[in-house]
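A short write-up of the structure that comes next.
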Amino acid sequence: METAVRTHAMLCGGTGCMASGTMKVKAAMEDEFKKKGIQDEAKVVLSGCNGFCAKGPVMAVYPDETFYQDITPADVPGLVEEHFLKGRPYQKLTFKEHEKKVAIPSIHDIPFFKHQVLVVLKNKGLIDPERIEDYIMMDGYKALSKALTLMKSEEIVKVVSDSGLRGRGGAGFPTGKKWELGLKIRADKKFVVCNGDEGDPGAFMDRSVMEADPHAVIEGMIICGVATESHKGYIYVRAEYPLAVKRLQIAIDQCYEAGLLGKNILSTGFDFDLEIYQGAGAFVCGEATALMRSVEGKRGMPRPKLWRSAVKGLWDKPTVLNNVETLANIPQIVLNGAGWYRSLGTEKSAGTKVFALTGAINNVGLVEVPMDTSLRKIIFDIGGGMINKRRKFKAVQLGGPSGGCIPEAYLDIPVTYEEIQKSGAIVGSGGMVVMDTSTCMVSTAKFFLDFTADESCGKCAPCRIGTKLMHDLLIDICEGRGREGDIEILEEMSDTIITASLCGLGQSAPNPVLSTIRHFRHEYESHIKDKWCTAGVCRDLCTFYIEEKICKGCGACMRACPSKAIEGEKKKPHKILQDACLHCRTCVDTCKFDAIKILPLSARTAGEADLQFLAGMMTEATAGIEKAEV
Amino acid sequence: MTRLTIAELQTIRDKNRATFTLRKGECKARVTVHMGTCGIAAGARSVMTSLMNEIALSGREDIIVKTSGCGGLCAREPITVIELPDQPPVIYGDLNEEKIKEIFREHVIRGNPAGEYALALGSETIF
Ligand SMILES: Cc1cc2nc3c(=O)[nH]c(=O)nc-3n(C[C@H](O)[C@H](O)[C@H](O)COP(=O)(O)O)c2cc1C
Ligand code: SF4
Ligand code: SF4
Ligand code: FES
């Protein structure tokens, strides 16, 4: 007789939490369970990423549904005593709402989780990704059973078309259309390929799905095989994702053993083979044609799209290529129907989207929401708003190096493909970086151009040379060598690169520049004409200055300054020695009274009276803005 | 694992029902054992072990077992609360290994509150 277990501690075994010490916590908990004599009734289970990685290691305890964060081995004795023995939430480790400091023990009450709608991530934190039984328990492989026995290929394609699902890899191409073409075309061999390259800097949606629920991706791929009458699949994952590769391989091996892959799947006569192909981690290898060359063992370079991949793809055979998240949606669409999926999101952007939310907000992590959710809700309700209360929201970057920055005026738009595109960004693969007023938009554009110039494969001159030239020009602007007309040159170059590049990398590379020019043109102008980076990020274009009237003489900035460039007596106005100042911005962030102003470069040589006047004007101006906003 | 058929997939789901119940919180009965210092001193540990054995013996996979701290009735510990859907919770006191078995069989399995051991009806606040 097996002993009954009364509680499962689902400890996060995702990449983030593992790095913050999951395994040590696990060992400590198992030890403590033994000490308390509850090792038979309480179990520690390693789950996949919970999405709240910044607070890792995190854990959800069932059946109590209590969420714990920032767990260290030293906390374990108290935690086990309180929660596992006495059944009380261990307050020290529960989530606390910012500022209010009220403990919120239940995972369903924590704002970060409460506002999410889980489809792709429905099993996250609820299953052990290395146990196929856990996946099956959550209705896993039910959709495949249905597809194999009750549906014709055309019917599967139809339900996917009707669901309105669009590719989650960036372009948003209707998945059903792709599959329809894949089914129609006749060939001796066809392929199904899953794109798990995920090259956008900062993005980790696909990694988390592959780590937390590998079988969902595999089931989606087999169903795609059934729908398009294809019998061979590849999962392309970058080698920099070792845990994803490991979990996928375990899952694939389990499937072969259980007869869910290989010959005669589930004794229905359908055959499907699947293997992992590890990429070396180049951004361009995420592009469809480059990815397929890479799988063929060639150098991953894009080629002209004379045919769709669904007609001529891998080894010139018809190939359906889909993103990880796209495929992970499939089992549930097949199981619950197109109408159910359409009930989420909007007419043209159906379903949910997973975002990797990061930046200057309180709660960073993985977030899944219906596509009609507004940016404001994601950033302020789920993300918990700005982490630094003295700063304001400035922009949100969507779509990474192919996307753009969206300013405050657009915060109420939903995250649909159409609306985000209209705002100058793209939904992309789901990277979402929130920026506050301490961010310089020209520098932000420069960061992305640095990335694309580096990642361009070099095949087309406009992309190879153009991104480099744009990057150089942005460096010039940020270092004070900007000239009148530079904005127009940037716009012209963007135009050429967009029209003359072969692949999506080049075609979208100028977007970060164009969107920041569109919404923050004044910032480019002030860099170029006034030699003034108002955010104080570009060191050569700012002067830090303490406004005497506001300074309380608390000395905080003096202690924080790494260059000892601030002097002053207690309770008397302090002063920055301009010659010694490194323009590192440390003092601005330290001063609780906003006494330190960021003035233009020219202020370094201005007279004291002028400076006080200028600083006073700035204080008034910000006060004016704040009043207007209230 | 041997090669599966569609029917066997369902068998796996049924076999893992207990785990599913526990994580999804969809249960037919909830049993809460008081494990405060007073409860443990009075023998709650062996009540819990005995209860877990009974559950394993019964083969039931739709029961959730929780623990809670002291409910303020230290003199009557070990105390256990049993809740079935659409019925008021029943609080049992002065338990031991044997009594909990009997109560479990009567109340959880057969659905009849074991009146002779009941202290009270009604819910109690745990936190
Ligand atoms: C430079 C570049 C990088 C890309 N990187 C990825 C990627 O990492 N993952 C991905 O799924 N799609 C990526 N794509 C999009 C793919 O070309 C392709 O559209 C997508 O994988 C198709 O799947 P979907 O329709 O399910 O989105 C990239 C495209 C370009 C141009
Ligand atoms: S656009 Fe850039 S990345 Fe794409 S093929 Fe041309 S050079 Fe290579
Ligand atoms: S931290 Fe602010 S208030 Fe304090 S001494 Fe520096 S400038 Fe003045
Ligand atoms: S890795 Fe643990 S929450 Fe993401």
Side-chain angles (χ1 to χ4, degrees), chain A residues 1-8 10 36-38 40-43 45 47 60 62-65 81-89 105 108 123 125-128 131-142 144-146 148-149 254-260 262-268, chain B residues 1-27 30-40 44-46 48-71 81 104 125-127:
Chain A
M1 179 183 83
E2 265 182 68
T3 53
V5 177
R6 67 173 165 87
T7 180
H8 285 174
M10 305 299 292
K36 293 275 191 281
I38 53 171
D40 291 332
E41 24 181 285
K43 242 176 46 179
V45 181
S47 74
Y62 294 94
D64 317 86
E65 302 176 343
E81 167 90 21
E82 277 299 296
H83 188 118
F84 292 87
L85 216 54
K86 297 187 178 167
R88 291 192 288 241
H108 301 300
N123 288 340
L126 282 175
I127 61 166
D128 174 349
R131 259 175 50 99
I132 190 172
E133 294 85 353
D134 273 29
Y135 179 70
I136 294 172
M137 171 183 88
M138 296 293 183
D139 286 345
Y141 294 108
K142 220 180 203 171
L144 176 64
S145 312
K146 182 175 173 184
L148 280 170
T149 53
Q254 287 167 342
C255 285
Y256 271 106
E257 235 190 281
L260 287 159
K263 295 254 170 290
N264 195 14
I265 291 175
L266 289 171
S267 307
T268 58
Chain B
M1 186 179 280
T2 48
R3 293 181 63 85
L4 300 172
T5 59
I6 290 172
E8 280 156 358
L9 278 173
Q10 194 51 45
T11 316
I12 293 182
R13 276 176 214 123
D14 296 339
K15 261 198 193 153
N16 283 273
R17 183 56 47 188
T19 306
F20 183 86
T21 305
L22 200 157
R23 295 191 197 154
K24 296 288 271 190
E26 293 161 13
C27 64
R30 180 159 52 209
V31 186
T32 308
V33 183
H34 282 201
M35 298 278 262
T37 314
C38 52
I40 292 176
R45 223 358 313 159
S46 52
M48 173 64 91
T49 312
S50 174
L51 170 69
M52 295 312 290
N53 277 334
E54 272 308 295
I55 294 179
L57 271 176
S58 74
R60 284 281 297 264
E61 307 206 311
D62 48 6
I63 300 164
I64 282 181
V65 178
K66 289 192 164 200
T67 60
S68 80
C70 170
V81 184
F104 177 80
T125 33
I126 292 166
F127 319 126

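It should be emphasised that the depicted structure is a prediction, and the values quoted were computed from it without experimental measurement. Here is how names work: the chains are called A, B, and so on, in the same order as the sequence lines, proteins then strands, and each is numbered from 1.
Heavy atoms closer than 4.5 Å to chain B are found nowhere in A:K43, neither backbone nor side chain. For A:S145, the parts lying near chain B are the backbone and the side chain together; criterion is any non-hydrogen pair under 4.5 Å. Only the side chain of B:I64 comes within contact range of chain A, judged by heavy atoms closer than 4.5 Å. With a threshold of 4.5 angstrom between heavy atoms, B:I63 does not approach chain A through any atom at all. If you measure heavy-atom distances from B:T21 to chain A, you find no contacts under 4.5 Å at all. Only the side chain of A:I132 comes within contact range of chain B, with heavy atoms under 4.5 Å apart. Contacts between A:N264 and chain B at a heavy-atom distance below 4.5 Å involve backbone atoms as well as side-chain atoms.
Taking CD of B:Q10 as the reference point, atom OH of A:Y141 lies at 16.0 Å (rounded to 0.5 Å). Distance check: B:L9 CG to A:E133 CD gives 11.0 Å after rounding to the nearest 0.5 Å. Of the inter-residue distances, the one linking B:K24 atom NZ with A:L126 atom CG reads 6.0 Å to the nearest 0.5 angstrom. A:K86 NZ to B:I40 CD1: the interatomic distance, rounded to the nearest 0.5 Å, is 6.5 Å. Within the model, atoms CG of B:L22 and NE2 of A:H8 stand 5.0 Å from one another, a figure rounded to the nearest 0.5 Å. A distance of 12.5 Å separates OG1 of B:T19 from CD1 of A:I127, quoted to the nearest 0.5 Å.
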*What do the steps show when you test A:R6 against B:I55 for side-chain contact (heavy atoms from CB on, under 4.5 Å), and what is the final call?*
CA-CA 10 Å; A:R6 67 173 165 87; B:I55 294 179; over 6 Å; no

_side-chain contact (heavy atoms from CB on, under 4.5 Å) evaluation trace for A:M137 with B:K15_ = CA-CA 9 Å; A:M137 171 183 88; B:K15 261 198 193 153; over 6 Å; no

*Do B:K66 and A:E41 pass the salt bridge (charged side-chain N to carboxylate O under 4.0 Å, His left out) test, and can you show the C-alpha distance, the side-chain angles, and the key distance before you say yes or no?*
CA-CA 11 Å; B:K66 289 192 164 200; A:E41 24 181 285; over 6 Å; no

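Two residues are said to be in side-chain contact when any heavy atoms from C-beta on lie closer than 4.5 Å; A:T149 and B:I6 meet this criterion. A 4.5 Å side-chain heavy-atom check between B:T5 and A:T268 finds every atom pair outside the cut-off.
When only modelled atom types and interatomic distance are considered, B:R23 and A:N123 share no side-chain donor-acceptor pair under 3.5 Å.
Your options are A:M138, A:E65, A:K36, and the one with the most heavy-atom pairs under 4.5 Å with chain B is A:M138.
Between the B:R13 side chain and the A:G140 main chain, a donor and an acceptor come within less than 3.5 Å of each other. Within the 3.5 Å criterion, the main-chain N or O of A:L85 finds a donor-acceptor partner in the side chain of B:T67.
Closest heavy-atom contact between B:R3 and A:I265: NH2-N, 4.4 Å. Between B:V65 and A:P63, the shortest heavy-atom distance links the atoms O-CG, 4.2 Å. Of all non-hydrogen atoms in A:I38 and B:R45, the two that sit nearest each other are CG2-NH1, 2.8 Å. The shortest heavy-atom contact between A:A4 and B:A56 is N-CB, 3.9 Å.
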